[in-house]
Amino acid sequence: EQQQHQQREQQQQAADMRREFAEQKRRFEETVRDPEQAAAFKAAVKAYQEQFNCTAQVQIHNGRDLADAGLDTTGFALVRHESAVTDWSDDEQVQAVHYDELRALVAGLTGASRCFVNRHTIRKSDGSTKFTPFMEVHSDFTDRYKQALLKSLELGQEITPTFGVLEQLQAEGVTFDDLREARLLVVHAWRSVSKEPHQRFPLALCDGRTVDEQGLIRETVSGLERYRTTHSAGHKWYWFPEMRA
């Protein structure tokens, strides 16, 4: 009887949260449908972000000389991988071929029992793609992402953008308890897709061991909490020259 009462309470709480989330979503969508309010919202977001922006000249070291680079040390690693993709501009081919390659690669690197690939983005500086190189220091996720994903799985709808991962978890039969008891690791897999060695706008990576938690800034963009960081002379930056597809 007590267990049934607790289950009813949990179900009621979940229903209340779904209604609250739906109402927040409705208000936001109503706001951005109005051109003036949408413009004001974008301007406010830009003004908020700009207050943290600064330009600093830093030394960027050759990551190929970093002996102890790894996901559990620096937070990044260079891995040799040859893809069977023949046309990186073909989204269907990338999804059909490379997503399975990534799942196998990340599982091998981390020992993960399950791997989910959400989406990919091609960035080029010549204007030929929808997205250009992103010129701000940031991390797309924070330490709160697992909790938000857990709540999304519990409610059966996103309370934070999951980019298709929620649907994949549901399709795989992953339960709330399964996810709660597991370690969640978000891995960004970045590669060059050029036939020539990569030269322009290379990816710069900061050694996680040099990032002070107090310097991190939490911000929410389109419903997703991410990190930005204030500049610090103690940050140590790396890049990997001559990357090839």
Side-chain angles (χ1 to χ4, degrees), residues 2-26 28-29 70-77 79 81 91 94-121 138-191 205-206 208-209 211 213 216-229:
Q2 185 178 0
Q3 186 176 5
Q4 290 177 346
H5 178 69
Q6 290 176 341
Q7 288 177 344
R8 284 194 297 270
E9 282 189 339
Q10 290 174 351
Q11 290 170 354
Q12 184 60 50
Q13 289 175 357
D16 290 343
M17 289 191 67
R18 281 194 293 268
R19 282 193 294 270
E20 182 181 350
F21 178 75
E23 177 61 18
Q24 291 175 351
K25 184 178 180 182
R26 183 193 66 77
F28 176 76
E29 291 175 345
L71 298 183
D72 291 325
T73 52
T74 56
F76 57 83
V79 179
H81 179 263
D91 285 344
V94 174
Q95 291 169 7
V97 177
H98 194 48
Y99 284 22
D100 283 341
E101 293 176 338
L102 282 179
R103 277 187 278 268
L105 179 65
V106 173
L109 286 172
T110 64
S113 57
R114 289 186 174 97
C115 290
F116 303 97
V117 180
N118 52 15
R119 70 177 187 184
H120 70 280
T121 299
H138 71 287
S139 173
D140 285 329
F141 300 89
T142 74
D143 56 345
R144 296 174 180 169
Y145 186 68
K146 179 179 178 179
Q147 192 59 41
L149 187 57
L150 273 169
K151 188 57 68 175
S152 297
L153 188 59
E154 181 182 30
L155 298 178
Q157 68 179 59
E158 291 186 345
I159 66 166
T160 187
T162 69
F163 312 101
V165 170
L166 175 60
E167 289 79 4
Q168 293 183 64
L169 290 171
Q170 293 169 327
E172 286 265 334
V174 177
T175 67
F176 176 89
D177 289 336
D178 291 336
L179 182 59
R180 181 183 60 187
E181 295 170 7
R183 180 189 182 196
L184 177 67
L185 186 66
V186 179
V187 177
H188 288 271
W190 192 95
R191 69 183 301 141
L205 301 153
C206 189
R209 296 170 297 189
V211 177
E213 188 174 343
L216 296 175
I217 303 164
R218 296 179 187 270
E219 68 174 11
T220 301
V221 179
S222 301
L224 178 67
E225 185 181 74
R226 71 175 188 177
Y227 281 133
R228 300 181 77 187
T229 182

**OP:** Would you check if the side chain of K146 reaches a backbone N or O of R180 as a donor-acceptor pair within less than 3.5 Å?
**Re:** yes
Original post:
Between L153 and L166, which heavy-atom pair has the shortest distance, and what is it?
Top reply: CA-CD1, 3.7 Å
**OP:** Identify the heavy atoms of P161 and S222 that sit nearest to each other, and give their distance.
**Re:** CG-O, 3.3 Å
Original post:
Roughly how far apart are D143 CG and R218 CZ, rounded to 0.5 Å?
Top reply: 4.5 Å
Original post:
To the nearest 0.5 Å, how far apart are CZ in R103 and CZ in F116?
Top reply: 9.0 Å
Original post:
To the nearest 0.5 Å, what is the distance between CD1 (I217) and CZ (R226)?
Top reply: 10.5 Å
Original post:
From E154 CD over to L179 CG, what is the distance, rounded to the nearest 0.5 angstrom?
Top reply: 11.0 Å
Original post:
Got more than 12 heavy atoms from elsewhere within 6.0 Å of CZ, R209?
Top reply: yes
**OP:** Only counting residues at least two apart or in another chain, list the ones meeting salt bridge (charged side-chain N to carboxylate O under 4.0 Å, His left out) with D91.
**Re:** none
**OP:** Using a cut-off of 6.0 Å, state whether more than 12 heavy atoms not belonging to R183 lie near its atom CZ.
**Re:** no
Original post:
Does T160 reach the main-chain N or O of G223 with its side chain, forming a donor-acceptor pair under 3.5 Å?
Top reply: yes
Original post:
Is there side-chain contact between F163 and V117, with heavy atoms separated by less than 4.5 Å?
Top reply: no
Subject >> Pairwise distance CG(L184) to CD(Q147) - rounded to 0.5 angstrom >> reply: 11.0 Å
Original post:
For A107 and C115, which heavy atoms make the closest approach, and how far apart are they?
Top reply: N-SG, 3.7 Å
Original post:
Going from CG on L149 to NZ on K151, what distance comes out if it is rounded to the nearest 0.5 angstrom?
Top reply: 12.0 Å
Original post:
Does the side chain of T162 reach to within under 4.5 Å of the side chain of E167, using non-hydrogen atoms?
Top reply: yes
Original post:
So does E213 have more than 12 non-hydrogen atoms from other groups sitting under 6.0 Å from CD?
Top reply: no
Subject >> Pair R26 + E29: basic N to acidic O under 4.0 Å >> reply: no
Subject >> For G173 against D178, the heavy-atom pair lying closest together >> reply: O-OD2, 3.9 Å
**OP:** Could you tell me whether a side-chain N or O of Y99 sits under 3.5 Å from a main-chain N or O of H120, the two making a donor and an acceptor?
**Re:** yes
